[in-house]
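Report on one structure; see the data block that follows.
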Amino acid sequence: MNHGLDPAVLIGIVVMLVTAKLGGELFERMGQSAVLGELVAGVLLGNLVIFGFTRVEPLKTNETIAALAELGVIILLFEVGLESDLRQMIEVGWSALLVALLGVIAPFLLGWGVSAYFLPEEATLAHVFIGATLCATSVGITARVFKDLGKLATREARIILGAAVIDDVLGLLILAIVAGAIHAASTGGTLSMLEIGLISAKSIVFLVAAIAIGLLLVPRLLRGAGRLESRGVLLTLAISFCLFLAWASAKVGLAPIVGAFAAGLILDEVHYKPKDGRNERDLHDLLQPVSTVLVPIFFVLMGLKVDLRLFTRVDILGLAVTLTVAAIIGKQICSLGVVERRVNRLAIGLGMIPRGEVGLIFAGIGATLMLPSASGVIEPVIGPATFGAVVIMVIITTMITPPALKWSLERKRTNKREE
């Protein structure tokens with residue numbers, strides 16, 4: 001009797017969740033980000049085929065798991081928006097803006113150049129997309145380091161956090177433009193400068209309008225959820241709003257994660273006060289159980305798609321190492337944008353290095369976008385080998401940031417004592 005859902009999918013999700021949590025716990029005990037553990041767990045699962053174990057292979061292409069992973073990405077960007085603060089961006093002003101601009105332009109051009117050198121047979125749009133994967137900054141990892149050191153209130157931390165938010169917005173804008181160009185190319189057309197301008201304007205108008213209208217109306221409506229009797233009203237309405245903006249974003253031709261990010265920015269200060277007078281609960285706290293289950297599925301699935309056998313190829317290792325160097329140098333250039341004095345520019349450059357989950361999201365989207373090759377065959381924009389190289393870049397940039405940033409901050413403090 002067929003019950004609709006393949007039991008193999010159910011046990012597959014069990015294995016993905018358990019290995020994700022074990023990997024995350026192990027890496028956190030090692031002083032690293034849990035997301036790295038989840039990614040490595042996926043890589044290990046996905047490469048069991050090397051030892052003759054093939055039962056994991058169907059999970060890589062299963063539509064149900066892919067849908068859960070996409071929901072996980074949407075929830076993740078919603079969380080990133082909730083953790084971001086528009087006021088911080090405004091307070092640090094020009095420094096954050098210039099750091100963000102340089103932190104997008106330099107890695108983008110360097111990534112494009114590296115891809116063009118190592119993958120000359122690929123289409124130009126593929127090189128552009130790889131450049132785009134180097135743009136964004138994973139602010140969560142850097143924020144965790146500042147928090148652990150008790151330095152979240154420092155000028156350096158506020159500049160990095162503000163610039164990282166602008167980075168994400170600019171990165172999502174580039175993603176929207178490149179995805180639009182790839183879609184046009186896949187149907188035999190091209191994207192004109194006018195159309196690029198329209199996509200850019202549409203992205204900006206959508207974000208500004210969604211945030212402006214949302215800030216005026218939505219928080220007031222959701223704060224009234226405390227007067228309702230049903231349990232979990234605030235969380236349900238918040239996720240519904242997130243999914244609505246993700247849908248609206250997709251309808252206007254943008255990535256759904258743009259709408260999810262905007263929803264998080266709008267709801268970043270929403271609290272819930274139950275009728276019985278218990279303490280207020282932050283929306284981020286209420287969302288935690290949902291993200292704890294859905295988000296790891298995305299990272300494990302990304303890991304599953306990494307074929308370690310490809311890394312026996314010298315050209316792929318060369319691409320991975322050079323991409324990593326370009327990613328690090330690109331973010332060091334952004335520290336030149338700091339216009340204030342007596343600010344630790346080295347710490348800002350190091351704090352902008354990690355690509356984390358944002359780089360994986362971009363690479364994951366690239367693996368789903370299709371583009372005609374020179375021979376006319378339809379292939380993913382980011383193929384398995386290139387995807388593996390990008391994952392190596394993400395892992396290295398994410399792992400080196402916490403110790404490097406901690407060293408930079410403590411070095412600055414030592415120099416001040418000596419002075």
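Here the structure is a predicted model, which is why all the values come from computation and not from measurement.
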- Query: Got a second to check how far Lys21's NZ is from Glu28's CD, nearest 0.5 Å?
  - Reply: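 Between Lys21 NZ and Glu28 CD, I get 9.0 Å after rounding to 0.5 Å.
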- At what distance, to the nearest 0.5 angstrom, does CG of Leu22 lie from CG of Leu17?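 Reported value, rounded in 0.5 Å steps: 11.0 Å.
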With sequence neighbours excluded, residues passing side-chain hydrogen bond (donor to acceptor under 3.5 Å, both in side chains) with [X]:
X	answer
Lys60	Glu57
Ser335	none
Thr64	none
Arg309	Asp307

- Answer yes or no: is there a donor N or O on one side and an acceptor on the other, between the side chain of Ser115 and the main chain of Gly111, under 3.5 Å?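 Side chain of Ser115 to backbone of Gly111, a donor-acceptor pair under 3.5 Å: no, none is there.
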Apply side chain to side chain contact (heavy atoms under 4.5 Å, CB included) to [X] and list each qualifying residue two or more places apart in sequence or on a separate chain.
X	answer
Glu122	Leu119, Ala126, His127
Leu294	Leu68, Leu71, Ile75, Val290
Glu25	Arg29
Ala106	Ile333

For [X] against [Y], the heavy-atom pair lying closest together:
X	Y	result
Ile74	Ala260	O-CB, 3.4 Å
Pro380	Met370	N-CE, 3.6 Å
Ala100	Ala163	CB-O, 3.5 Å

Is there a side-chain contact between [X] and [Y] (heavy atoms, below 4.5 Å)?
X	Y	result
Arg355	Thr133	no
Leu110	Val325	no
Pro107	Lys331	yes

- Task: Not counting sequence neighbours, list each pair that qualifies as a salt bridge (charged side-chain N to carboxylate O under 4.0 Å, His left out) and has a residue in residues 318-328.
- Result: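 The answer is none; no pair qualifies.
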- State which residues pass ring pair (Phe, Tyr, Trp, His ring centres under 6.0 Å) with Phe244; sequence neighbours excluded, sorted by chain then number.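 For Phe244, the residues satisfying ring pair (Phe, Tyr, Trp, His ring centres under 6.0 Å) (neighbours in sequence not counted) are Trp247.
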- Message: Going by ring pair (Phe, Tyr, Trp, His ring centres under 6.0 Å), name the residues that satisfy it together with Phe108, two or more places apart in sequence or in a different chain.
- Response: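 Phe108: ring pair (Phe, Tyr, Trp, His ring centres under 6.0 Å) contacts with Trp112.
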Could you pull out every donor-acceptor pair under 3.5 Å between side chains of residues 39-51 and any protein atom, sequence neighbours left out?
residue: Asn47; atom: OD1; partner: Leu308; partner atom: N; Å: 2.8
residue: Asn47; atom: ND2; partner: Val43; partner atom: O; Å: 2.7
residue: Asn47; atom: ND2; partner: Val306; partner atom: O; Å: 2.9

